[in-house]
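A quick write-up on the structure given underneath.
Here is the naming used below: chain letters follow the sequence lines, and residue numbers restart at 1 for every chain. Every value quoted in this text rests on a predicted model; they were computed, and no experiment measured them.
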2 protein chains.
Amino acid sequence: MPIRTGPVVVPTAVIKRLPMYYRYLQVLVDQGLERVSSRELSQLMGITSSQLRQDLSYFGEFGQQGYGYKVTELYQAICEILGIEKQYKTVLVGVGNLGRALINYQGFSRRGLNLKGIFDNNPAIIGENINDFTVRSVEELRPYLQKEAIQIGVITTPASAAQKIADLLIAGGVTGIWNFAPQHINVPEDVIVENTHIGDGLLSLFFKMKHQERLELK
Amino acid sequence: MPIRTGPVVVPTAVIKRLPMYYRYLQVLVDQGLERVSSRELSQLMGITSSQLRQDLSYFGEFGQQGYGYKVTELYQAICEILGIEKQYKTVLVGVGNLGRALINYQGFSRRGLNLKGIFDNNPAIIGENINDFTVRSVEELRPYLQKEAIQIGVITTPASAAQKIADLLIAGGVTGIWNFAPQHINVPEDVIVENTHIGDGLLSLFFKMKHQERLELK
DNA sequence: AATAGATTGTTAAAATATTGACAAAGTAAG
DNA sequence: CTTACTTTGTCAATATTTTAACAATCTATT
């Protein structure tokens with residue numbers, strides 16, 4: 001494996017594809033497949049084998065000429081690249097339907113997210129038990145964050161509460177925010193925000209359906 | 001894959017940004033703002049004004065020199081481009097936490113999605129009322145689709161059921177599928193699938209947190 | 001151990017996407 | 001009406017991303 005000298009420059013386009021690699025490799029691991037070539041995997045994923053090999057080359061050499069890739073090795077490599085082994089301590093704020101969906105989400109723990117506590121401001125659900133977690137009051141959030149050294153906050157509140165919760169999370173020492181509220185959040189430079197806008201997928205579907213008959217192949 | 005809308009070929013990169021334009025313009029409409037310049041809007045969105053103007057130019061001319069854009073006009077133009085006015089008839093299959101979150105999702109109806117029915121195979125919840133909808137048995141799905149001329153199906157089932165439900169939807173005449181199950185779905189050429197992989201955002205967050213200082217992101 | 005076939009990692013050419021610059025065309029105000 | 005601003009839509013220069021091609025090198029088979 002070549003030694004990395006100086007900073008490695010990874011194109012954004014490659015980074016955006018990493019979660020997809022993770023997903024497809026996980027399926028192959030689950031199937032117990034031992035070997036896969038860039039051609040096979042890329043066809044499964046709907047990309048070119050050239051792109052797959054080029055993407056991987058930014059992080060090292062994971063295959064063998066004439067053979068391909070060992071599935072579990074490649075999977076573990078992708079996990080490491082993504083930082084999945086890290087086990088970030090996490091809280092979720094906003095126990096509505098979306099929050100509940102995430103609390104019960106299998107992939108949550110599978111991806112190495114270590115959910116420690118869940119919070120809401122609705123007295124009607126504070127104290128309720130969901131999947132082994134007890135809903136706590138947002139009043140307790142700030143001290144809890146520091147006591148437990150929480151690193152990631154998931155925001156599943158309505159848009160109106162999002163910035164206020166984000167401020168609380170940051171004040172408590174959180175450095176990563178996964179925001180589902182349809183609301184732009186302002187944060188200091190050293191805090192990373194990942195926005196997930198569920199509605200965007202629907203709009204893409206609309207657009208493709210509307211223009212379906214005029215779809216042009218490259 | 002670029003999409004041809006009329007005589008103009010629209011780059012994929014532009015299409016992917018359309019939902020974002022929709023989101024930000026909606027906020028401005030809600031705020032009652034009358035006028036916005038490409039510089040103002042682009043700063044809000046974190047893109048360049050040049051890109052904003054270039055993007056819009058693929059669909060027509062929506063602004064006025066020396067003035068900018070009328071917010072409601074631009075918003076309506078984006079809605080039309082996206083096909084939001086179409087009011088597609090829709091069913092949702094899989095009334096778990098994610099399904100419930102979507103059924104209650106404001107943006108669902110706001111984006112012109114006309115939800116007609118919700119389905120599940122769990123006898124314990126069939127007949128239950130959620131936000132004015134009664135949960136129906138999956139047994140009834142196939143005939144219901146044809147009777148109501150449903151066009152879009154939303155899949156929020158576990159991965160194991162996704163392909164079976166997709167087959168049912170397609171057999172019933174659905175031409176668009178919004179799939180939340182972490183499962184690749186095979187469909188005929190004339191059916192459009194939009195996958196929303198909620199877990200991907202988490203992985204991106206992990207990656208950015210892990211490499212925040214060690215990798216230079218291009 | 002030699003040969004045929006497969007597949008990687010890498011290079012550079014081709015295709016796409018983003019950006020800066022600016023003429024044209026408007027606004028605003030005296 | 002004129003002048004000083006503002007801002008669009010577009011063009012072309014840059015920058016980034018994707019792809020095709022291929023030498024190197026491994027596997028599999030005889």
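When rounded to the nearest whole Å, the span between NZ of Lys16(A) and P of dT17(D) equals 8 Å. Spacing between atom CG of Leu52(A) and atom P of dT8(C) amounts to 8 Å, rounded to whole angstrom units. For the pair Glu61(A) CD and dC26(D) P, the computed distance is 11 Å after rounding to whole Å. Rounded to whole Å, atom C1' of dT27(D) lies 10 Å from atom OH of Tyr67(A). In this entry the distance linking CZ of Phe59(A) with C1' of dT8(C) reads 18 Å, nearest Å. Distance CD (Gln43(B)) to P (dT7(D)): 11 Å, rounded to an integer number of Å. The CE-C1' distance, from Met45(B) to dT18(C), rounds to 15 Å in whole Å. Rounded to an integer number of Å, the gap from CZ of Arg39(B) to P of dA21(C) is 16 Å.
Without hydrogens or angle criteria, Thr157(A) side chain to Gly94(A) main chain gives no donor-acceptor distance under 3.5 Å. Put simply, the side chain of Glu194(B) never gets that close to the backbone of Leu202(A): no donor and acceptor are under 3.5 Å apart.
With rounding to the nearest 0.5 Å, the separation of SG in Cys79(A) from CG in Leu18(A) is 11.0 Å.
A sub-4.0 Å separation between OP1 or OP2 of dC26(D) and a side-chain N or O of Tyr69(A) is absent. Under 4.0 angstrom from either OP1 or OP2 of dT8(D) there lies at least one side-chain N or O belonging to Ser38(B). Contact check, Ser57(B) against dT8(D): no side-chain N or O comes under 4.0 Å of OP1 or OP2. In this structure, Arg35(A) does not reach the dT8(C) phosphate: none of its side-chain N or O atoms is under 4.0 Å from OP1 or OP2.
Checked by atom type, the side-chain pair Gln163(B)/Asp167(B) shows a donor-acceptor distance below 3.5 Å.
Judged by closest nucleotide on DNA chain D, Glu40(B) is the one of Glu40(B) and Asp55(A) placed further toward the 5' end. In this structure, Arg53(A) and Gln64(A) both approach DNA chain D, and ranking their closest nucleotides by distance from the 5' end singles out Arg53(A).
Nucleic acid contact class of Gln51(B) (heavy atoms, under 4.0 Å, all strands): base. Ser50(A) comes within 4.0 angstrom of a nucleotide base, judged by non-hydrogen atoms across all strands.
Residue Asp200(A) forms a salt bridge (Lys or Arg N to Asp or Glu O under 4.0 Å) with just one option from Lys16(B), Arg17(B), Arg23(B), and that option is Arg23(B).
Between the side chain of Gln65(A) and the base of dT8(C), at least one donor-acceptor pair of N or O atoms lies under 3.5 Å. For dT19(D), its base sits under 3.5 Å from the side chain of Gln54(A) at one donor and acceptor pair at least.
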